[in-house]
Amino acid sequence: MRRSLAGVALAVTSMVALSFLIPLAALVMSLVKEQGVSAAQQRGAAMAPVLALTTDPDALREAAAGLDAADHLIVHLPGAGALGRSKAPGALLERARRGRESISQEVPGGWVCLQPVVLPGDEVAVIENFVPEAELTRGVAQSWAVMCFLAVGLIAGSVLVADRLGAKVVRSSKRLAQASRALGLGDLDARVEPMGPRELRDAGVAFNAMAERMNELLAVERELVADLSHRLRTPLTALHLASERMAGTPESARVEAAVCELETELQAIIAAARTPLAVGPMGQGLLGTERAPGGGAAAAGGGGPGSEVAEVVRRRTAFWAVLAEQQDRSCYLDVTQEPTAVGLPDDDVAAVVDALIGNVFRHTPEGTAFAVGVRRTAQAVELVVEDGGPGIPEPDRALSRGSSTGSTGLGLDIARRAATATGGTVGVTRGPLGGARIAVTFALAAPPPSGHRTRLARRRRR
């Protein structure tokens, strides 16, 4: 932008300077020429009274030398020739003598002025005054140089002023762009100091107001989520009482363990909702709000920077296999033995697995078989969950949150955001079992440096 403003200032100022400089240069040259010709005519007019008094050649030479020391003033006497070296053509002299008219005309090497003088006896003498070319252009080059210097200074000054103004605008624009980028990356404290032109200052004030309003809305939303989660404590208490009444039955221990895990997960959701928003790899602070009962976060292990997809899938499938056995569902698991490290925490991967398997239990009747598989390619890890249910009639619409009929759409949206965070994709097709086939592709995480691998191997050996 600075270059654009400087270029515009350069172009405009150059055109304005040239529009004045060219006519002014021509005017200066014309004035200098007119001054030289006028001076020659004045010298000729001063010589005319001398001719009226005497025609003595010596007296005329002395008078001409007094008027013009350069010997350019010459007198042409009738019958005596020129008193000096003439520069005027003969035809021009004859024309001035016979026509008795003053002639001023350009000749090779300069300008000549002829002035006839009528002598006694009706004879005509001609006074010739020659102006060399150097006198006609004396001082023109210096005047042009001064004008060019002033024009260059004017152009340089305008470009400098435009560059300073552009730098101010660019600086304020860059700061606004940096603050917007930081806010987009999750820095909710990003603010900008309003500066620059009035429009950019207004934009900076509006940006700060927007950021403040976002913080207020997020705080309200976090409190709302915490309040809604807190309401689930009442049915959890009822479940605790019901499990106590079931004491002594084979199912009581399993129900009590599930209720405890659900209560732990609910407590984690409330704590996370009331803490400042932390943007993780998937861009959300509460990823696990759609997990199935069973404490996905706790069961999946810690929330480290990376995860082995195969290990997480084994653990979460083992949890869902118990419920599948109760509903007479066949569960098939096919997990690769190769490393499947991705750039997501364990709890994020567990949330994806729970969301996809949970959809099978929600949207297919009891007794419907499902399969879970993990495969590795050269650049990615593919998680596949398929079932023998009716399938998904509108796959593209199902990937949008809240757009599916009878469903919130959160499960597939969680899978889509997790895949996008690693540079992967989500595909919905019909699988070999006859129902829906959800394939989530995660890009493989970059391998650690060789030195890190060596230290890790040493630790394992020790």
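Computed from a prediction, not measured in an experiment: that's the story for all the values here. Counting from 1, the numbers follow the sequence of the chain as shown. Hydrogens, waters and symmetry mates are skipped; everything else that's a heavy atom, side chains included, is used.
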So which heavy atom on [X] is nearest to which on [Y], and how close?
X: Leu183; Y: Ala190; answer: N-CB, 4.1 Å
X: Val426; Y: Arg416; answer: CG2-CA, 3.5 Å
X: Val349; Y: Ser307; answer: CG2-OG, 3.8 Å
X: Ala48; Y: Ile127; answer: N-CD1, 3.6 Å
X: Val352; Y: Ala418; answer: CG2-CB, 3.5 Å
X: Thr422; Y: Phe442; answer: OG1-CA, 3.5 Å

Any donor and acceptor pair, going by atom type alone, linking the side chain of [X] with main-chain N or O of [Y] inside 3.5 Å?
X: Ser86; Y: Ala82; result: no
X: Glu128; Y: Ile74; result: no
X: Asn215; Y: Leu188; result: yes
X: Thr137; Y: Val140; result: no
X: Thr340; Y: Val309; result: yes

Determine whether [X] and [Y] make a side-chain contact, defined as any pair of heavy atoms from C-beta on separated by less than 4.5 Å.
X: Leu136; Y: Val32; result: no
X: Arg376; Y: Glu382; result: no
X: Met195; Y: Arg175; result: yes
X: Asn208; Y: Pro194; result: yes
X: Val372; Y: Val335; result: no
X: Val107; Y: Phe130; result: yes
X: Arg98; Y: Glu94; result: yes
X: Val360; Y: Glu386; result: no

Could you give the distance from [atom1] ([X]) to [atom2] ([Y]), rounded to the nearest 0.5 Å?
X: Arg43; Y: Leu73; atom1: CZ; atom2: CG; value: 7.0 Å
X: Phe207; Y: Asp202; atom1: CZ; atom2: CG; value: 15.0 Å
X: Glu133; Y: Lys33; atom1: CD; atom2: NZ; value: 7.5 Å
X: Leu51; Y: Met47; atom1: CG; atom2: CE; value: 5.5 Å
X: Glu193; Y: Leu176; atom1: CD; atom2: CG; value: 12.5 Å
X: Asp387; Y: Ile357; atom1: CG; atom2: CD1; value: 11.0 Å

Please tabulate, one pair per line, all N/O donor-acceptor pairs under 3.5 Å involving side-chain atoms of residues 11-26, not counting sequence neighbours.
from	atom 1	to	atom 2	distance (Å)
Thr13	OG1	Ala9	O	2.6
Thr13	OG1	Ser158	OG	2.8
Ser14	OG	Leu10	O	2.6
Ser19	OG	Met15	O	3.3
Ser19	OG	Val16	O	2.6

Inspect the surroundings of [atom1] in [X] and state if more than 12 heavy atoms from other residues, nucleotides or ligands are less than 6.0 Å away.
X: Glu123; atom1: CD; value: yes
X: Met147; atom1: CE; value: yes
X: Glu216; atom1: CD; value: yes

**Prompt:** For Glu101 and Arg95, what are the C-alpha separation, side-chain angles and deciding distance, and is it a salt bridge (charged side-chain N to carboxylate O under 4.0 Å, His left out)?
**Reply:** CA-CA 8 Å; Glu101 60 177 339; Arg95 175 185 164 188; 3.3 Å; yes
**Item:** From CA spacing to verdict: side-chain contact (heavy atoms from CB on, under 4.5 Å), Leu165, Val169
**Value:** CA-CA 6 Å; Leu165 292 176; Val169 173; 5.6 Å; no
**Asked** Going through the distances and angles, do Leu356 and Val440 end up as a side-chain contact (heavy atoms from CB on, under 4.5 Å)?
**Response** CA-CA 10 Å; Leu356 297 181; Val440 183; 3.8 Å; yes
**Request:** Mind running side-chain contact (heavy atoms from CB on, under 4.5 Å) on Asp354 and Arg316 for me, showing each step along the way?
**Result:** CA-CA 7 Å; Asp354 290 342; Arg316 298 313 304 155; 2.9 Å; yes
**Request:** Identify whether the distance between the nearest side-chain nitrogen and carboxylate oxygen of Arg191 and Glu212 falls below 4.0 Å.
**Result:** yes
**Prompt:** Looking at Glu338 and Arg375, does any basic side-chain N land under 4.0 Å from a carboxylate oxygen?
**Reply:** no
**Request:** Determine, stepwise, if the pair Arg315 / Val312 fulfils side-chain contact (heavy atoms from CB on, under 4.5 Å).
**Result:** CA-CA 5 Å; Arg315 288 196 297 266; Val312 176; 3.7 Å; yes
Taking only distance into account, with no hydrogens and no angle test, what donor-acceptor pairs under 3.5 Å do side-chain atoms of residues 109-120 form with protein atoms, sequence neighbours excluded?
from	atom 1	to	atom 2	distance (Å)
Trp111	NE1	Ser104	OG	2.5
Gln115	OE1	Ala45	N	3.3

